[in-house]
Amino acid sequence: MLSIKRYNDKTNIDNGIEEIIIDELRQPLNNLPPTVNKITIKQQFNVLRRDHKLPYGCELIIENIYIDKIE
């Protein structure tokens, strides 16, 4: 398991990591290794963004959701 305080585009996640806990997410999830099968996000997740790239079959747990607008 890998615990990350703040995820950004420079965060490096090694192959072999299966579970990630992110305290603060302010940029899209991308460049994740295919071994990641569970991500827990504690805060600052904008569910309307479409540029998150999760590995196939990855379980995403969101504890707090921020929605900036509904169209």
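Predicted model, so just to flag it, every value in this text is computed and none were measured.
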Open item on the list: Using the rule given for side chain to side chain contact (heavy atoms under 4.5 Å, CB included), can you reason through Lys42 versus Ile21, listing the C-alpha separation, both sets of side-chain angles and the distance that settles it, and then say yes or no?
Closed with: CA-CA 8 Å; Lys42 301 284 189 178; Ile21 297 174; 3.7 Å; yes

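Between Ile22 and Thr11 the shortest side-chain heavy-atom distance does not fall below 4.5 Å.
Take Pro33 and apply the side-chain contact (heavy atoms from CB on, under 4.5 Å) test, not counting sequence neighbours, and it matches Ile13, Asn15, Thr35, Val36. Remark: Asn37 pairs with Glu18 by the side-chain contact (heavy atoms from CB on, under 4.5 Å) rule, at least two apart or across chains.
In this structure, Ile39 CD1 and Glu59 CD are separated by 10.0 Å, a value rounded to the nearest 0.5 Å. Note: Leu60 CG to Leu29 CG = 7.5 Å, rounded to the nearest 0.5 Å. Ile4 CD1 to Thr40 OG1: the interatomic distance, rounded to the nearest 0.5 Å, is 11.5 Å. How far CD1 of Ile61 is from CD of Glu19: 7.5 Å, rounded to the nearest 0.5 Å. Rounding to the nearest 0.5 Å gives a distance of 4.5 Å between CG of Leu25 and CD1 of Ile41.
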